[in-house]
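Worth saying up front: this structure is predicted, and the values here are computed from it rather than measured. Every chain is numbered from 1, with letters handed out A, B, ... down the list of sequences.
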Amino acid sequence: MRLIQGNEACALGALEAGCRFYAGYPITPASEIMEWMARKLPALDGTFVQMEDEIASLAAVIGASWAGKKAMTATSGPGFSLMQEHVGYAAMTETPCVIVDSQRGGPSTGLPTLPSQGDVMQARWGTHGDHAVIVLTASSVLDTYVMTVKAFNLSETYRVPVVLLLDATISHMRENVELPELEIVERITEAEGGEDIFGNRAFFPFGVGPRKVVTGLAHDEKGKPETSRGQVGERLLKKALDRLYVDRDHIVSYKNYQAGDAKWLILSYGITSRPARAAVDKMREEGEKVGLIDLQTLWPFPDELVQSYSEKVEGILMPELNLGQLIMPAKAAIEGRAPVYPFNRADGKLFTPAEIIEAMREIMYNGKLDQTAILEQRRNGK
Amino acid sequence: MEPGAWSPLLMPKKGKSLERYLRMSQMPTLWCPGCGHGNIARGMLQAFDELHLNLDQTVVIGGIGCSGRTPFYSNTNAMHTTHGRALAFGTGIKMANPDLTVVATMGDGDTAAIGGNHFIHSCRRNIDITAIVFNNSIYGMTGGQFAPTTPQDKKSSTTVYGNIDEPFDIAELAMAAGASFVARTTTFDFQDTTELIKKGIQHHGFSVVEIITQCPTYYGKINKLGNAVDMLEYEKDMTFPEEDEPIDWKELSGQMPLGIFREEQRSEYTDRYRELRESQKSKTDVT
């Protein structure tokens, strides 16, 4: 058992997963991740580079991945915005890499450094064009460790960029954790074979196997640019997206907290799942059948999971530290099977269990939710 | 045009065929007739040949634009990156595997505009990458807009009344930023192209080889500089070989000096990191 910080758990998870290259640019509240990597990587035969900006950081990470290293970067919203150019490049070139975004209030410089869940949509759609990407999140220090390892494993398995969304609170909080032993996915080596072409899992770095052509242009399986026949690029794009869809059960992680027999459901993720869990405990004590689904995979959105719960409950509360982002795919999955109530704040504060209980009771007993009233009332100390 | 006759890449008037250095599946090149980029690419491939580079262990990286296409044509590992960012990718490649030879082919916009930051920081770190800068004073791929290297008063599609910007001198910028090998030549001086690229690759540190090249399609046309041959003459007139005496960069007006401006041995970035790693391995408890 050891007392560690969320950012430290992230760095430890990365090292455990085999990450041996880190490039980044300092930004609060993510900087401790790079400080840990700068300290630990040299003795592990790894490499750390502090780059000139976040654009360069993700470029270096992608370059290092192609040079044979498991590689990552970490940032916060403003840096994540700059990285979008290369999130697209990583997706187009099927490059395994991990990007940690410890969210703070935005847009722009926003609220340094108060927690937020405002980058949920950007993590999925931030770069231009359709593309495959996996987005994970965590609601505790231990989960941060586990999900960081999972981020690397998924990235290597599907050759996609994986974004891990943390937030200012998770990054900086300390918890006692027992770090579990986890399975690590290694890159396929040349000896293991597998055809090293785009659209396949096998991924040989520069200097191993046939010479590579890597480009952000639409290209065929061999990497040859193909910009006049758009269907060639579309074929690879669909293949990348299909892989994630077909294997969704493997990719989707969530925690079921008393949701099995729940009549009323809280659907949340990340830091917000913590007050939600406390709210469930309190309401269960009073005999109210409330449960929580704590999503750890945000994209691909676990629509079958959410849909199946929506068939069993009378209403769903969706608290988020943004003005309503993940509720969009959730509503699309639920398709009116149960009423879904948004509960949002972007003021840099976390929800309290009492606020979630009050909101839940309003929908349970009044069938409506005036979320502004609840939050304003508490803000004004009434 | 006959297949196979598309560029100086394939049909050298002199010297041996470099076909094994070309990725034939990518031919023909997309460069316009008269473009100097093929000459630079040939110079680069000839340098690879003369240095007996192991092509499996060589990565040619490029940015975006006409010059950025060079990696496709080079039968090495090839990484066509994003606009201006080739050196940032290259830094990751070289740091992750210093045994790879990394050569970047970059345009003047890549180098001095959108990628200016990556360029000066690569110079500062002195990482062992060779940056070949294809300087044609114009944005060719996007249709002839002015570049940070377009001289004052010259025309482009976005400076139709003449350019009011002050241009960058890329070699001077590289020296100011700390590159340890800096050289410049032109496509008119073809033999020097190969020699300087060879020296740049052999140099252990960050090498900048700037090559003034012609864009008859846009720069030549709008500035009435004639065809490709006329533009080679123009390159000759606009430049002068470096004399033995030091150049007073402040006194230069109009004409650009050519030659090797700096060639110094300084500690190289991947070497410094390796030393740091060794020192930590001996004393850090990694658990």
Side-chain angles (χ1 to χ4, degrees), chain A residues 12 15 20-23 38-71 73 85-86 88-89 92-93 95 97 204-217 219-220 222-225 227, chain B residues 23 25-26 30 54-59 61-62 64 68-69 71-72 74-100 102 114-115 117-118 120-122 124-125 127 269-270 273-274 276-286:
Chain A
L12 291 173
L15 295 173
R20 290 296 178 270
F21 185 95
Y22 185 103
R39 209 171 301 167
K40 294 288 183 188
L41 278 170
L44 291 168
D45 253 335
T47 306
F48 169 87
V49 201
Q50 183 165 316
M51 295 299 287
E52 52 272 18
D53 59 31
E54 287 88 348
I55 304 171
S57 299
L58 188 50
V61 162
I62 295 167
S65 193
W66 278 96
K69 296 283 194 288
K70 287 187 180 178
T73 186
E85 177 181 15
H86 290 148
Y89 188 85
M92 186 57 122
T93 55
T95 308
C97 58
F204 305 155
F206 293 141
V208 178
R211 293 169 207 150
K212 318 289 181 303
V213 180
V214 183
T215 177
L217 287 168
H219 51 87
D220 66 12
K222 298 264 188 204
K224 185 184 178 186
T227 52
Chain B
R23 186 172 279 110
S25 61
Q26 304 281 342
L30 58 55
N54 177 347
L55 301 184
D56 292 326
Q57 298 296 317
T58 302
V59 190
I61 55 178
I64 294 294
R69 296 294 176 126
F72 291 125
S74 166
N75 199 11
T76 55
N77 292 289
M79 197 169 198
H80 177 238
T81 70
T82 51
H83 194 22
R85 324 278 183 221
L87 292 173
F89 284 87
T91 300
I93 295 168
K94 189 71 185 179
M95 285 296 277
N97 184 358
D99 292 338
L100 295 170
V102 182
I114 191 166
N117 202 21
H118 312 308
I120 58 173
H121 286 275
S122 299
R124 173 178 69 84
R125 291 187 189 103
I127 187 165
Y269 197 54
T270 62
Y273 198 82
R274 187 172 53 234
L276 180 152
R277 206 185 262 152
E278 295 308 321
S279 72
Q280 290 309 302
K281 265 194 226 167
S282 52
K283 64 183 178 196
T284 310
D285 171 11
V286 299

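Between A:Asp45 and B:Lys281 there is a side-chain heavy-atom pair separated by less than 4.5 Å. Looking at heavy atoms from C-beta onward, A:Leu217 lies in side-chain contact with B:Phe72 at the 4.5 angstrom threshold. Taking 4.5 Å as the limit, some side-chain heavy atom of A:Val49 sits within range of a side-chain heavy atom of B:Tyr269. Residues B:Arg277 and A:Thr47 have side chains in contact (heavy-atom distance under 4.5 Å, counting atoms from C-beta outward).
Taking chain A as the reference chain and counting heavy-atom pairs below 4.5 Å, the highest number among B:Thr81, B:Val102, B:Asn54, B:Thr58 is found for B:Thr81. In terms of heavy-atom pairs under 4.5 Å with chain B, the best-connected choice from A:Gly88, A:Gly46, A:Gly209 is A:Gly46. Counting heavy-atom pairs closer than 4.5 Å to chain A, the top residue among B:Thr91, B:Ile64, B:Asn97, B:Thr82 is B:Thr82. When the candidates B:Met79, B:Met95, B:His83 are compared by the number of heavy-atom contacts under 4.5 Å with chain A, B:Met79 comes out ahead. Ranked by heavy-atom pairs under 4.5 Å with chain A, the list B:Ala78, B:Ala86, B:Gly62 is led by B:Ala78. Of all the listed residues (A:Glu52, A:Lys69, A:Lys224), the one sharing the greatest number of non-hydrogen pairs under 4.5 Å with chain B is A:Glu52. The most heavy-atom pairs under 4.5 Å with chain A, out of B:Gly92, B:Ser25, B:Gly115, come from B:Gly92.
Neither the backbone nor the side chain of A:Val61 comes within contact range of chain B; no heavy atoms are under 4.5 Å apart. Only the side chain of B:Arg125 comes within less than 4.5 Å of a heavy atom in chain A; its backbone stays farther off. For B:Leu55, the parts lying under 4.5 angstrom from a heavy atom of chain A are both the backbone and the side chain. Heavy-atom distances place both the backbone and the side chain of A:Phe206 under 4.5 Å from chain B. If you measure heavy-atom distances from B:Asp99 to chain A, you find no contacts under 4.5 Å at all. Of the two parts of B:Arg124, neither the backbone nor the side chain holds a non-hydrogen atom closer than 4.5 Å to a non-hydrogen atom of chain A.
Across all their heavy atoms, A:Gly63 and B:Ile93 have their closest contact at O-CG1, 3.4 Å. Closest approach of B:Tyr273 and A:Phe48 over heavy atoms only: OH-N, 2.9 Å. In this structure, B:Asn77 and A:Gly207 approach most closely via the heavy-atom pair ND2-N, 3.8 Å. Scanning both residues, B:Gln280 and A:Ala43, for their nearest heavy atoms gives O-CB, 4.0 Å.
Here the CG atom belonging to B:Leu30 is positioned 8.5 Å from the OG1 atom belonging to A:Thr227, to the nearest 0.5 angstrom. With rounding to the nearest 0.5 angstrom, the NZ atom of A:Lys212 is 11.5 Å from the OG1 atom of B:Thr76. The distance from atom NE2 of A:His219 to atom NE2 of B:His80, rounded to the nearest 0.5 Å, is 11.5 Å.
Taking 4.0 Å as the cut-off between side-chain N and carboxylate O, B:Arg85 and A:Glu85 count as a salt-bridged pair.
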Dump the intermediate steps for side chain to side chain contact (heavy atoms under 4.5 Å, CB included) on B:His118 and A:Asp53, then the final yes or no. CA-CA 9 Å; B:His118 312 308; A:Asp53 59 31; 3.7 Å; yes
